[in-house]
*Asks:* 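Take a look at this one; I'll ask things after.
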Number of protein chains: 2
Amino acid sequence: MTHDTLRRIKPLRLKGLPEDFRLKIKEARLKRGWGQRELGAKVGLPQPHISAIESGEIVPRFDTLLDLVRVLDQDILLIPRTLVPAVQSLIRAQREPAESEEQSLYAADDEENAPKEKRHDEV
Amino acid sequence: MTHDTLRRIKPLRLKGLPEDFRLKIKEARLKRGWGQRELGAKVGLPQPHISAIESGEIVPRFDTLLDLVRVLDQDILLIPRTLVPAVQSLIRAQREPAESEEQSLYAADDEENAPKEKRHDEV
DNA sequence: CGACATGATATGCTATACTATATAATTTAT
DNA sequence: ATAAATTATATAGTATAGCATATCATGTCG
């Protein structure tokens with residue numbers, strides 16, 4: 001019964017973390033030019049575990065998730081329901097380039113670190 | 001700097017959820033006049049487990065926590081670090097009565113439901 | 001092509017969240 | 001003070017997150 005194979009064409013319903021959490025984590029990781037191994041190392045998790053979290057194979061403990069998002073310069077907050085839309089638009093506003101005629105002088109620069117080239121002989 | 005964590009003689013360093021999460025959950029529960037048993041029932045957890053979560057004895061899985069806060073009319077969001085202060089003051093603003101000369105017409109009414117009297121012969 | 005980096009999968013083991021239940025300890029009400 | 005409700009603790013079993021490691025598949029680049 002719980003097995004409904006309604007695997008849409010798209011999101012591939014899994015039972016792990018909410019999709020937006022998974023996507024944002026992965027996106028933030030890639031934006032830094034980090035591999036799963038590198039991210040895992042920073043927080044003390046093995047690469048396969050990062051893979052399992054990002055793919056929704058497992059749902060991590062709260063503290064594990066918190067560690068993860070924090071090395072990605074994010075945080076997890078408890079938000080009253082009525083404030084959720086406001087907070088989300090705040091986030092979106094920062095995310096999007098702030099489209100006006102004039103570009104703002106400073107890029108919306110969160111976690112916008114140079115992907116930092118990595119050589120193959122580095123540990 | 002941050003909010004000086006007054007780890008006095010008391011708090012007895014636990015490994016559970018962050019303290020503010022635990023306190024806010026408990027506060028929201030009490031505000032509704034719910035006991036641990038009642039809260040647990042709404043989300044399918046036994047009372048001792050709620051106790052363990054609130055007291056910091058354990059750190060729950062993310063999905064468990066999410067279920068919990070949602071029946072308390074709250075949500076958990078991923079916030080970019082730079083936005084955290086803004087979001088927090090948004091929350092505080094709503095929390096606090098908005099102290100001005102004129103009171104606002106409508107109370108800052110989140111989760112501000114009548115504690116709903118309960119009689120002892122009720123199931 | 002071959003060397004290498006990355007991510008996905010698999011296995012065995014350990015730690016612990018979670019379930020279910022009972023009961024003690026506290027708090028609140030009458 | 002007694003009863004009732006609420007919360008904390010205890011025990012035992014199950015499910016699964018997390019750890020460590022190896023391997024496979026894929027992609028990139030020289």
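For the numbers below, each heavy atom of this structure counts, side chains included, while hydrogens, waters and symmetry mates do not. Protein chains get the first letters and strands the later ones, always in sequence-line order, with residue 1 at the start of each.
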*Asks:* Tell me whether L23(A) is reachable from L78(B) by hopping between hydrophobic residues (I, L, V, M, F, W, Y) whose side-chain heavy atoms are closer than 4.5 Å.
*Replies:*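 Not linked; separate clusters.
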*Asks:* Quick one: does Q47(A) reach the base of dA8(C) with a side-chain donor-acceptor pair under 3.5 Å?
*Replies:* yes
*Asks:* Rounded to whole Å, please give me the gap between CG in L45(B) and P in dT14(D).
*Replies:*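 After rounding, the gap between these two atoms is 20 Å.
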*Asks:* Using a strict cut-off of less than 4.0 Å between a Lys/Arg side-chain nitrogen and an Asp/Glu carboxylate oxygen, indicate whether E54(A) and R29(A) qualify as a salt bridge.
*Replies:*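 Salt bridge: yes.
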*Asks:* Is any side-chain N or O of S51(B) closer than 4.0 Å to OP1 or OP2 of dT7(D)?
*Replies:* no
*Asks:* Would you kindly give the CD-to-P distance between E38(A) and dG7(C), to the nearest whole Å?
*Replies:* 10 Å
*Asks:* What's the NE2-P distance between H49(A) and dA8(C), to the nearest Å?
*Replies:* 14 Å
*Asks:* Measure from CD on E57(A) to P on dG7(C) and round the result to the nearest Å.
*Replies:* 15 Å
*Asks:* Of all the choices, dA17(D), dA8(D), dC19(D), which nucleotide is nearest to the side chain of V59(A) once you look at every atom?
*Replies:*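 Closest nucleotide to the V59(A) side chain: dA17(D).
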*Asks:* Could you state the CZ-C1' distance from R61(A) to dA17(D), rounded to the nearest angstrom?
*Replies:* 7 Å
*Asks:* Can you identify which nucleotide, out of dA20(D), dG7(C), dT21(C), has its nearest atom closest to the L30(A) side chain?
*Replies:*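 The listed nucleotide nearest to L30(A)'s side chain is dG7(C).
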*Asks:* Which is it for E27(B) and K31(B) under the side chain to side chain contact (heavy atoms under 4.5 Å, CB included) test, yes or no, and what are the steps along the way?
*Replies:* CA-CA 6 Å; E27(B) 178 191 326; K31(B) 190 171 300 184; 3.4 Å; yes
*Asks:* Establish, with yes or no, whether the OP1 or OP2 oxygen of dA8(D) is under 4.0 angstrom from a side-chain nitrogen or oxygen of S55(B).
*Replies:*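 Negative; the distance criterion is not met.
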*Asks:* If I take atom CG in residue L65(B) and atom P in nucleotide dC18(C), what distance separates them, rounded to the nearest angstrom?
*Replies:* 9 Å
*Asks:* Can you tell me how far P of dT9(D) sits from CD of Q36(B), to the nearest Å?
*Replies:* 11 Å
*Asks:* Counting any heavy atom closer than 4.0 Å, what does I50(B) reach on the DNA or RNA strands: base, sugar-phosphate only, or nothing?
*Replies:*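 Here I50(B) touches no strand at all.
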*Asks:* On DNA chain C, compare the nucleotides closest to P48(B) and F62(B); which residue's is nearer the 5' end?
*Replies:*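 Of the two residues, F62(B) wins.
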*Asks:* As a test of reading the structure: which of dG18(D), dA17(C), dA17(D) is closest to the side chain of K15(B), going by heavy atoms?
*Replies:*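 In terms of side-chain proximity for K15(B), the closest of dG18(D), dA17(C), dA17(D) is dA17(C).
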*Asks:* Does R29(B) or T64(A) map to a spot on DNA chain D nearer the 5' end, using the closest nucleotide for each?
*Replies:* R29(B)
*Asks:* Quick one: sort the F21(B) and F62(A) rings into parallel, tilted or perpendicular, breaks at 30° and 60°.
*Replies:*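 Tilted: the ring planes of F21(B) and F62(A) meet at 30° to 60°.
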*Asks:* To the nearest 0.5 Å, what is the distance between NZ (K42(A)) and CG (L72(A))?
*Replies:*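 Answer for the NZ-CG pair, K42(A) versus L72(A), is 9.5 Å.
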*Asks:* Taking CG from D67(A) and P from dA17(D), how many angstroms apart are they, rounded to a whole number?
*Replies:* 17 Å
*Asks:* When all nucleic acid strands are considered with a 4.0 Å heavy-atom cut-off, which category describes G40(A): base, sugar-phosphate, or nothing?
*Replies:*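 Touches nothing.
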